[in-house]
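Below is one structure, written out as structure tokens; the observations come after it.
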Amino acid sequence: MIIQLQSDISEAQRGKLLDQVNNIGYKTTSVKTQLGEYIIGIGKREFDIRKVGHLDGIRDIHIVSDEYKLVSKKWKAKPTAIDLGDNVAIKDGEMAIITGPCSIESEEQIRAVVDHCVENGIKMMRGGVFKPRSSPYAFRGLGLEGLKLWYEIAHEAGIKIVTEVMQTSQIEEMYPYVDVYQVGARNSQNFNLLDGLGTVDKAVMIKRGISGTIEELLQSAEYVFSGGNEKLILCERGIRTYEKASRNTLDLNAVPILKEKSHLPVIVDPSHGIGLRAFVPQMALAGVMAGADGVIYESHATPEKAFSDGQQTLDFEQSARLASWIRESFSMRKEFDLL
Ligand code: PEP
Ligand code: MN
């Protein structure tokens, strides 16, 4: 059960409400976010919703049978829009394009990607400054100094920053320079990190775990929401299967399923999803047609020289073409949506 509270609920009304929910045998958790206040009731007993619904201070009450609650579409049919300011948003009905290198490498590289984004009307840039690498001897990123430099250049050009946060201690130091915190696949169930991101008021994009189910991704998002942050984006980035011909298997099924189960926007990452440069455009467009609200893919001036993930990174010419195909495919999809 989710009870949405009125913003002017009094302490006495809140106390009475909590007592009533506990009396029907439900455990309660209070959640306060940037946008509202909720009481989550967890229990199995059938009860007459009017026993609670008549109390003062309630805006609305919903029965949500899913394991995850706040991210479920069962109580909030209207899709959540993530507004990043300056007319940049990630939301249902629009197509977000996010591109950039796997790793932020140098000032020259940042300037080249920012220029590429500006030339192609792309408003959001990705890149890692803390890199989770399979080998500890591989390039591990430029760190906070790299992020500050990136911020200076990107913000002057009106480009928003999407970058991975790897641990709780980084949340605060990164805060001034980040528009969207990315939770990487390897951290998808790092519940301390998710708890920490619940306390900030900036958007969080959660990638599906390498062996994570759709439900586990939704539960990860539930963690952040219940910690107080509603600004969430879900990202399908491929899962590990028995197939070895591609780096991962981009689970396109997850896109419409997530859109049906949750009110949160859904992004696809075809770069990590297939891991093969030649097929990134096809999978990106397939993701658009599957119903995604955005695509995040890797690009670099000279992918063969990229410090990481060059094999799945597009050059700027390919990226420019893909960006316009994404937009065209999205217009076509909107016609299907009318069916
Ligand atoms: C990345 O976006 O470069 C990255 C490391 O992604 P993932 O966590 O999906 O592997
Ligand atoms: Mn990468």
Side-chain angles (χ1 to χ4, degrees), residues 90 96-105 109-110 113 124-136 138-143 146-147 150 160-167 170 174 178-190 193-194 197 203-214 216-217 220-221 224 233-241 246-252 254-255 258 266-277 279-280 283-284 287 292 294-315 318-319:
I90 301 177
I97 302 180
I98 307 164
T99 195
C102 181
S103 307
I104 295 298
E105 299 168 1
Q109 181 227 31
I110 297 168
V113 181
M124 288 167 267
M125 177 171 158
R126 60 145 290 139
V129 293
F130 304 107
K131 292 307 298 178
R133 303 303 299 280
S134 301
S135 160
F139 176 65
R140 308 271 285 272
L142 292 184
L147 178 60
W150 177 16
K160 304 292 177 188
I161 289 181
V162 180
T163 193
E164 179 165 356
V165 56
M166 300 231 342
Q167 48 188 320
Q170 293 165 342
M174 290 172 75
V178 170
D179 296 292
V180 179
Y181 287 100
Q182 173 176 321
V183 175
R186 292 157 194 78
N187 263 325
S188 201
Q189 287 191 309
N190 178 341
L193 181 62
L194 298 172
L197 289 166
V204 178
M205 179 180 78
I206 307 176
K207 288 192 157 197
R208 182 171 176 187
I210 291 172
S211 307
T213 63
I214 290 173
E216 282 165 343
L217 175 59
S220 297
V224 183
I233 303 148
L234 305 171
C235 179
E236 166 55 44
R237 52 76 73 199
I239 48 173
R240 179 165 293 172
T241 66
S246 55
R247 181 177 177 182
N248 291 298
T249 297
L250 185 65
D251 179 13
L252 288 171
V255 177
L258 285 168
V266 177
I267 299 271
V268 281
D269 175 349
S271 307
H272 295 85
I274 192 159
L276 301 163
R277 183 187 308 141
F279 306 133
V280 166
M283 301 315 288
V295 180
I296 181 168
Y297 64 90
E298 291 179 333
S299 62
H300 191 286
T302 46
E304 56 297 343
K305 291 195 187 140
F307 289 6
S308 54
D309 284 354
Q311 80 292 343
Q312 65 191 32
T313 299
L314 303 186
D315 67 25
Q318 293 165 327
S319 168

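Note that ligands are numbered from 1 as they come in the structure, with each ligand's atoms numbered from 1 the same way. Only heavy atoms go into these numbers, but all of them, side chains included; no hydrogens, no water, no symmetry mates.
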(Q) Geometry only, no angles: is Asp269 polar-contacting ligand 1 at N/O separations under 3.5 Å? (A) no

(Q) Can you tell me which residue among Val183, Ile296, Ile90 is in a side chain to side chain contact (heavy atoms under 4.5 Å, CB included) with Met205? (A) Ile296

Q: Looking only at non-hydrogen atoms, find the nearest pair between Leu193 and Val165 and report the distance.
A: CD2-O, 3.7 Å

Q: Specify the protein heavy atom at minimum distance from atom 9 (O) of ligand 1: its residue, its atom name, and the distance to 0.1 Å.
A: Arg237 NE, 2.6 Å

Q | From Met283 atom CE to Leu252 atom CG, the distance as rounded to the nearest 0.5 Å | A | 4.5 Å

Q: Mind checking salt bridge (Lys or Arg N to Asp or Glu O under 4.0 Å) for Asp179 and listing every partner two or more places apart, or none if nothing turns up?
A: none

(Q) Taking the side chain as everything from C-beta on, heavy atoms only, tell me whether Arg237 gets closer than 4.5 Å to Ile210. (A) yes

Q) Which protein N, O or S atoms does the Mn ion (ligand 2) have within a distance shorter than 2.8 Å? A) Cys102 SG, His272 NE2, Glu298 OE2, Asp309 OD2

Q: Tell me, yes or no, whether the heavy-atom count around Arg240 atom CZ, taken from other residues, nucleotides or ligands under 6.0 Å, exceeds 12.
A: no

Q | Considering all heavy atoms, the nearest Glu164-Met174 contact | A | O-CE, 3.4 Å

Q. Among protein heavy atoms, which sits nearest to atom 8 (O) of ligand 1, and what does the distance come to when rounded to 0.1 Å?
A. Ala185 N, 2.7 Å

Q.
So is Cys102 touching ligand 1 or not, going by heavy atoms under 4.0 Å?
A. yes

Q. What residue and atom, counting heavy atoms only, is the protein's closest point to atom 4 (C) of ligand 1, and at what distance?
A. His272 NE2, 3.4 Å

Q: Report the nearest protein non-hydrogen atom to atom 6 (O) of ligand 1: residue, atom name, distance rounded to 0.1 Å.
A: Lys207 NZ, 3.0 Å

Q.
For ligand 1, which is the ligand I care about here, please tell me if Arg126 has any N or O atom under 3.5 Å from one of the ligand's N or O atoms.
A. yes

Q: Please identify each residue that fulfils ring pair (Phe, Tyr, Trp, His ring centres under 6.0 Å) with Phe279, with sequence neighbours left out.
A: none

Q. What residue and heavy atom of the protein are closest to atom 5 (C) of ligand 1, and at what distance?
A. Glu164 OE1, 3.9 Å

Q: Tell me, with the steps shown, if Leu147 and Ile161 meet side chain to side chain contact (heavy atoms under 4.5 Å, CB included).
A: CA-CA 9 Å; Leu147 178 60; Ile161 289 181; 4.2 Å; yes

(Q) Just to verify, what does Glu298 make a salt bridge (Lys or Arg N to Asp or Glu O under 4.0 Å) with, not counting sequence neighbours? (A) Arg126

